[in-house]
Structure formats: C-alpha cells, structure tokens
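Here's the structure, in structure tokens; my notes come after.
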Amino acid sequence: MNLKEATILVVEDEPDLLEVMGESLAPVAGKILSACDGEEALKSLDTAAVDAIVTDVRMPRMGGVSLLKQVRAASSHGPAVILVSGYSDLTAREALDLGADATLAKPVRRRDMIEALERALADKRELWRRPNLLSDSAQLAQEFAGLTQAVEGGEIAFGRGGFCIRTRQELSQEPISLSLKFAFDKQNLSGSGIVRWDDLHDQEAGIEIISLAECCLEWILALTGSSRQGPFIPCHTAKTSAPSPGHGEAVTRQ
Amino acid sequence: MSVSTGPPTFDLLVSSVEDYAIFMVDVNGQVSTWNSGAERIKGYSASEIVGRPIDIFYEAWERSFKPRMLLQQAADSGSVEDEGWRLRKDGSKFWAHVSITALRNDGGSLIGFAKITADQTQRRAVQEALRQSEERFSAAFEHAPIGIGLAEPSGRFLRVNRAYCEMLGYSVDDFLRLDYQTITHPADLPADVSQAERLLRGEISSYQMEKRYFRKDGEIIWASLSVSLVRETSGKPRHFIAQVEDITKRREVVELLRAQTALLETVIDNMGNGLIVVANGRFLIVNRMAQEIMGPVSKDMETEKWRAANGSFLPDKKTLFARERLPLERALSGESTEEVEIWLQPKDMREGKWVRAVGRPLFDSTGLVSGAVVLFRDVTAQKSMEAELEINRAQSVSNARLSALGIMAGGIAHEINNPLGIIHGAAGNLLDLLQQPNAPLELLRKNGDRILQTAERIARIVKSLRHIAREGNSDPLRQKPLKLIVEETLELCRERFRHHGVELKTPEIDDSLVLRCREVQIEQVLLNLLQNAFDAVSETEGEKWVHLEVDQKEDHVLVSVIDSGPGIPSTILPHVFEPFFTTKPVGRGTGLGLSISKTIAEEHGGKLEICDKAGNTCVCFTLPIVGDEVR
C-alpha cells in the first residue's frame with residue numbers, strides 16, 4: 001500500500017509533538033489520526049480503518065508496548081506498528097521481538113519516519129523483490145545442513161521480517177549482503193539485509209531482510225508468512241532460552 | 001603386847017605423841033587409854049572419853065555397824081586399816097586413817113585393841129585437787145581441736161592427742177614410735193630442728209612456724225606449728241609441747257586468692273583502657289595503660305599531687321578543664337559520669353592526647369562514697385580516623401548526589417527529549433514548507449513560535465538541572481517563595497510522572513509563603529522525595545498517584561509527599577533514615593537520599609518524618625516560614 005493512500009494513527013502524549021508529527025506526515029500520508037495515549041488509540045481503531053500506527057512508548061494510562069500487544073492480539077492482519085522510544089525505554093531487539101514493524105528513536109527524523117512507514121505498508125513481495133543495490137558491502141555467509149536442523153539446532157530463527165542468527169561474525173550496523181545456504185533444502189537465501197541489533201555476548205544478531213534474489217523469494221515468503229503476528233525479528237534462536245539481559249526489565253508487564 | 005606392864009618410857013612416848021591419836025579399846029569397844037594426840041585430834045580429854053564406846057567417833061549412819069565390824073575384822077585377822085570420815089567432839093568431821101590391832105594376852109585371849117588414828121584431812125584435799133587437775137588437763141589435751149604432742153628432747157613422741165593423730169592418720173601407738181623429724185618434710189626440717197635446738201639451749205622460750213608434714217598415707221599437709229619446752233625443777237629439759245594446726249585448706253584458699261589477685265592485676269594491667277582507682281586521697285590502682293596515657297602517675301601517689309598539674313583541657317585545647325568537672329572529681333562526689341572528652345597535655349608531655357574518660361563512684365557497705373574508678377582511653381588515633389571518615393563521608397554524600405543525578409539523568413533525558421522532538425519536528429516541517437511555493441504564512445509562524453517556545457522550555461529545564469546539580473550547602477540562606485521552589489523542582493520530573501502514567505497532583509501554593517533557605521538544597525530534598533514516591537508507585541499495579549500537599553501552619557509549613565505505593569514495611573521503617581540504607585536495586589540508589597534529606601531539613605530548622613496517611617506512605621517535610629514582620 002502506498003503511504004499516500006494510507007491512514008496513519010499517531011499516538012503521542014505530548015500535544016505539541018503530536019501536532020508536529022501530524023503536520024510533518026500530512027503532506028505525504030493519506031489521512032492522519034491522532035491519539036494522546038494507548039487507550040485513546042484503541043478507541044480510534046474501533047471506529048476507523050487504520051493502516052499504520054506510529055506510537056510513543058511511554059505514555060500515561062496506556063503506553064506503546066501495551067498498545068502494540070493489544071493490536072496484535074486483536075487481529076493477525078492489523079495495522080503496522082512503529083514504536084517511537086525515548087531514552088532507554090526499549091531496545092530495538094525487544095521491540096522487534098514484540099512484533100513492532102520498526103522502531104524509531106526520539107527525536108525522530110521526518111525522513112526516517114516516512115521511510116519506516118513506507119516499508120511497513122509495502123507488500124512484502126514487492127518490497128523484497130527490489131533490486132539489491134549493495135555491491136561491495138560486507139557479507140554474511142553461512143552454510144547449514146538444512147532449515148529444520150538449523151532452526152531446531154538454534155542456528156537461526158525466522159520472524160516475519162527477518163531472522164535472528166547465531167554467528168561469530170562481527171557485524172556492523174550497516175546493510176550487508178546475505179548468503180545462507182541450506183544444503184538439505186537446496187535453498188540459498190541470497191539478498192541483502194540490515195543488522196538491527198547484534199549481541200556479541202550471545203553471538204546473535206537480528207537482521208531485517210531488505211531484498212531477496214528471485215530464486216529464494218517465494219521460499220522465504222512462505223517461510224515468513226503474511227500474518228502480522230509473531231516477532232518481526234525474534235530476539236533469540238531456539239538455543240538461547242534465557243532472555244537477554246535487560247529484556248524483561250524494559251518491557252514492563254503492562 | 002601388854003600395856004599395863006610396859007616400861008614407863010614407852011608410855012611416856014605414846015602419851016606425848018601429838019600427830020597420832022593412840023589409844024586402846026577394850027573388848028567391849030570402850031576407850032581404855034587416851035594420849036595427847038588423841039585429845040588434839042578428836043577434841044576429847046582422857047577423863048571425858050575413857051570408858052566410853054568408840055561409836056561416838058563415827059558418823060551417825062554407820063555408828064551401828066562400822067565400829068563393831070572393824071573390831072571384829074581386827075580380832076579375826078590381827079589388825080585392820082580404814083580410811084573415812086570421823087567426828088570430833090565438836091561434831092566437825094576430819095578424814096582419818098585408822099589402824100586397829102588386836103591385843104591378846106600370852107594365852108592368846110583377846111584383851112582389847114590398839115587404835116592409831118591420823119588426821120589426813122589436809123593431805124586428802126591436796127590429793128583431790130591434784131586428781132582433778134590431772135583430769136582437766138587430760139580432757140583438755142585429749143579433746144583439743146588442734147593437735148597437741150609431747151615429745152622428748154630427742155624428738156620422740158611421748159604423748160599425742162586425738163586431733164594430732166587424725167591430722168596425720170596415725171594411731172596413738174604408731175605415733176609414739178615416731179619422732180617429729182621423721183614426719184616433717186625435708187625442706188622444712190632444718191629450720192624446725194635449729195629452732196628446737198635454740199629452745200633447748202634456752203635462747204628462746206617458744207617458736208612458731210608453718211611447715212609440711214607427711215601423713216601416714218604419704219600425703220603432704222601444711223600445718224602451723226607452735227612449740228614450747230617444759231623443764232624440770234632442776235632446769236633440765238623434760239619435754240617439748242607442740243601445738244599443730246592443719247592449715248592446708250587455709251593455704252589453698254590463700255593461694256587461690258593470691259592467684260586470683262595476680263590474675264586480676266594482670267588483667268587490669270593489660271587492659272587496653274586506662275584504669276585508675278582512687279581511695280583515701282591516693283591512687284590505689286593505676287594500670288599500665290593509665291600510666292602510658294596519663295604520664296606521671298603511679299600507685300600510692302597522692303591525688304592532690306596529680307591534681308596540681310593534671311594538664312586536662314577542654315576540646316579547644318586551650319581552656320583548662322574545671323577541676324570539679326573532671327570525671328575523677330565528679331565520681332568522687334558520688335556522680336556517675338557520661339563519657340567526657342579531654343585534651344590531655346601535662347607539662348612534661350611532648351604531644352597531647354585525646355582522651356575519653358568515664359568516672360564511677362565506689363561505695364562502701366554503708367553506701368557512702370569511698371573512692372572512685374575512672375576508665376579512659378586514648379582516642380587520638382581514632383579521632384584522626386574519624387576526621388578522615390568525616391571527609392570520606394562528605395565525599396560519599398557528594399558522590400551519592402552525583403549518582404542521584406545519574407539516576408535523574410534518565411528522567412531528565414525524557415524531559416528534554418520530548419521538547420527536542422518538537423523542535424526537531426517543527427524544524428523539519430519548516431524546511432518542508434519552505435520548499436512549497438505557496439506555503440501558508442500562518443503555518444510558518446506557528447512552527448517558528450513552537451520552536452522558540454519549546455527551546456525556552458528546554459532552557460528552563462536546563463536551568464533547573466544546573467541549579468539542582470550544585471552543592472548548594474554553602475549557599476547563603478535566602479528568602480524564596482515555596483511556590484517557585486516547587487515549580488522548579490517539578491520542571492525536572494513532571495514529564496516522567498506523566499509518561500509513566502503516575503498522576504502527580506500539586507496544590508496551588510500561596511505566593512506569600514516564603515522560606516528562608518538554601519533553595520537548591522530544598523529542591524534537592526523535594527526532588528528526592530518525589531523520586532522516591534515515583535519509584536514506590538511506578539512498578540505497582542492499579543491506581544498510581546503521588547500527591548504533594550502543602551499545609552501552612554503558624555510559623556512553619558508542612559510539605560507532604562504522599563504516594564499510592566505499597567507502603568514501607570515496618571521492618572525497614574526504622575532504617576530508612578540511615579545513611580547507605582537502600583531497598584533499591586544496585587545502580588538505582590546508594591541510600592543516602594533520605595538521610596541527606598533529613599540532615600538538610602534539620603539544618604534548616606525543620607524536620608523530615610515518615611508517617612502513615614490513611615494507609616499510604618507520607619513523607620512530611622516541615623520547614624519554618626518567614627513571617628510578615630521579618631520580611
């Protein structure tokens with residue numbers, strides 16, 4: 001879906017900021033709705049068809065995380081949710097695991113917000129089919145016996161927008177090209193991604209898929225599904241059962 | 001024997017014997033002759049008695065049988081002797097020794113009796129006295145509670161009493177085969193023997209010593225010995241008299257006492273504290289540490305001497321301690337003192353010392369003060385350590401404030417990030433609008449205004465932050481309306497409360513409510529209280545609120561911070577004002593918050609208390625306010 005046609009719900013408890021965000025999205029988005037906290041946002045969702053939500057994390061009454069959980073619990077094809085977090089509220093790893101489509105840090109650059117919205121609204125096939133513009137970037141290359149073994153063995157875990165992978169490779173938070181071979185499945189995940197987070201301690205990294213080669217596109221689309229439920233990128237592979245430090249603390253059980 | 005025919009010289013002899021009554025009695029028991037001795041002893045003249053029966057010499061009760069019986073016995077066996085009481089003419093009694101001899105003629109027929117009577121009253125009395133004396137001595141000797149022994153000059157025992165036997169475990173027979181040398185411990189023997197020899201030589205009349213004896217069973221006992229010598233009339237030594245008392249038990253007690261005294265002295269001397277005991281104007285006890293601390297003081301020294309130059313000063317090190325205020329003097333007047341700090345520097349002491357001393361009076365059994373005990377210690381090193389600790393504490397306080405600031409930083413970032421977001425967004429909007437050819441002027445101005453206002457808002461937060469981050473403890477006291485203080489504080493936390501869904505209710509505060517304070521410190525306290533309240537409620541379920549209440553009283557204002565949190569458990573309530581006490585996780589608080597807050601409140605003449613308000617925790621911050629007349 002094109003941002004131009006989309007209805008965007010902006011949730012922010014700071015009235016001035018809410019207004020500014022609305023104003024900055026107005027020229028590019030179809031329709032802007034606003035709410036001052038999670039509860040008000042849920043009410044808006046009852047009365048209007050919303051395609052994407054941009055919400056602050058910390059708000060009185062109901063914060064962004066609760067809102068996200070409720071939206072996801074309500075429907076498997078609900079609106080995209082972009083979490084805007086302030087200082088140390090929530091890490092990207094946690095937000096993406098909770099099912100957010102993207103996270104933005106305050107203060108939010110207008111361009112970043114628009115880009116995130118466009119990506120979140122876009123059809124996954126169209127989005128991933130875009131040509132790989134990366135040429136001589138760093139590469140994440142790994143070979144697995146097979147997908148099942150890799151998943152069950154804790155080597156990799158897929159979310160609906162990317163994957164968490166166990167790797168000894170030190171990854172920069174830049175776009176990288178991907179080459180993951182699954183011998184048994186005779187599949188090769190080839191394309192590009194962005195390292196959303198990496199954890200040197202657990203030797204895990206969370207990678208969002210940016211583009212895919214035609215040869216593996218359908219396979220990955222099938223693997224990641226079309227639902228909006230489940231993690232966007234899981235915060236762990238199957239092997240690391242222990243939650244990563246800080247995870248439980250910031251995502252307060254609201 | 002025939003009296004009538006005897007030679008006249010013999011008759012003369014008989015009649016003139018005065019010490020014996022010699023007379024004859026006929027076969028009928030009647031007196032037939034009488035001599036002068038008989039007259040003297042019995043009181044009858046010859047004419048009065050001759051021809052009368054001898055019965056009258058006997059006491060009435062034996063008169064009927066005794067005279068006849070005696071005569072019969074004399075007749076039967078030739079003679080008889082008797083002793084017994086007899087009567088004089090005047091009826092008085094005398095002790096008589098009587099001998100009666102039967103007189104027979106040549107044909108063998110009984111013709112009468114010769115009777116010789118001696119008055120032995122005197123001798124009998126002496127004998128009786130002797131007998132009684134001997135009995136008494138024997139009893140005293142035998143039953144004496146101490147051992148008594150008589151020994152030959154050679155040392156062999158002649159007689160020992162029961163106590164002596166029991167003491168050494170010998171029977172009397174065994175004992176009498178021994179001499180004192182055998183039963184005396186070899187170590188004590190030379191002294192004993194040499195004393196005994198001096199006694200024998202007459203150089204001394206008696207001697208005493210403590211010595212050891214071997215008991216029959218081999219055990220050694222201690223005894224106190226007292227020896228004297230009995231001599232014959234000629235001066236020749238007859239025997240020793242030894243009096244012996246078992247003092248083993250007594251010695252054990254004395255030994256124990258000595259050991260305990262020694263232990264006590266050792267303890268007192270090795271105490272880490274100085275101890276002096278004064279009684280009767282003298283130092284009775286001065287232990288080693290006391291000497292070390294006080295310098296020229298020793299046992300038995302007169303206290304007056306020490307008083308003259310005791311070198312005790314008040315903590316200013318200059319003013320002499322008033323004599324009657326010294327712990328020793330106060331204790332001597334019956335007072336138990338608290339610990340007193342003294343700067344001690346007598347003239348000949350090169351470096352002074354810090355001493356802390358406690359005095360206690362000593363009472364005798366009647367309850368009167370009989371002396372005093374003073375316990376004291378050198379705290380010089382401790383004082384310098386305390387000074388160091390004080391510096392450390394001040395640094396900790398400073399660090400704690402910095403750490404509190406660090407905690408606050410998270411909140412502050414939030415406070416600033418939002419307005420920053422507004423500016424950021426508005427600026428972006430402005431740039432967008434500028435690219436549009438017909439951008440509405442209204443929108444342009446709106447965004448410009450917004451940027452300006454929001455920047456000012458940030459400036460206010462920064463100002464508050466800069467303000468509160470200062471030490472503030474050396475600021476002069478200034479008059480400041482409470483309203484401004486509260487507003488500036490809220491500037492730093494309002495957003496945080498809002499963003500965590502914690503309702504922060506604050507009252508309208510009257511402008512005229514003015515404090516005289518170091519405003520930074522008061523703001524720090526308020527922020528700390530609000531922070532605590534926030535922490536208490538932010539993690540709880542359900543309703544979350546913090547209320548700030550202001551209650552103006554006559555001369556003070558009560559600022560209360562009440563929260564909807566779970567309350568402070570009664571177990572930790574007594575500790576919340578202690579420095580470094582914290583219930584917060586590591587990194588979130590060092591626990592100096594409340595203790596510093598309390599100190600600040602008290603420095604301002606106010607107080608900080610925790611109370612319960614309808615089940616909710618309420619921290620009450622009381623501060624004096626400035627009255628109209630002062631302003």
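Residue numbers begin at 1 in each chain, while the letters A, B, ... track the order of the sequences.
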With the side chain counted from C-beta on, respond yes when [X] and [Y] share a heavy-atom pair under 4.5 Å apart, and no when they do not.
X	Y	result
B:K446	A:E19	yes
A:E23	B:N447	yes
A:V20	B:R450	yes

Between [atom1] of [X] and [atom2] of [Y], what distance do you get to the nearest 0.5 Å?
X	Y	atom1	atom2	value
A:D16	B:I423	CG	CD1	10.5 Å
A:K106	B:L420	NZ	CG	10.5 Å
B:T454	A:E14	OG1	CD	8.0 Å
A:S24	B:L430	OG	CG	11.5 Å

Chain B contact via A:M21 - which portion, at a heavy-atom distance below 4.5 Å: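 Neither part.
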For [X], is the [atom1] atom crowded, meaning more than 12 foreign heavy atoms sit under 6.0 Å from it?
X	atom1	value
A:K4	NZ	yes
B:Q436	CD	yes
A:K124	NZ	yes

Residue pair A:R109 / B:H424: nearest heavy atoms and the distance that separates them: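 Scanning both residues completely, I find the closest heavy atoms to be CA-CE1, 3.3 Å.
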Under 4.5 Å from a heavy atom of chain A, the part of B:L443 involved: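 Side chain only.
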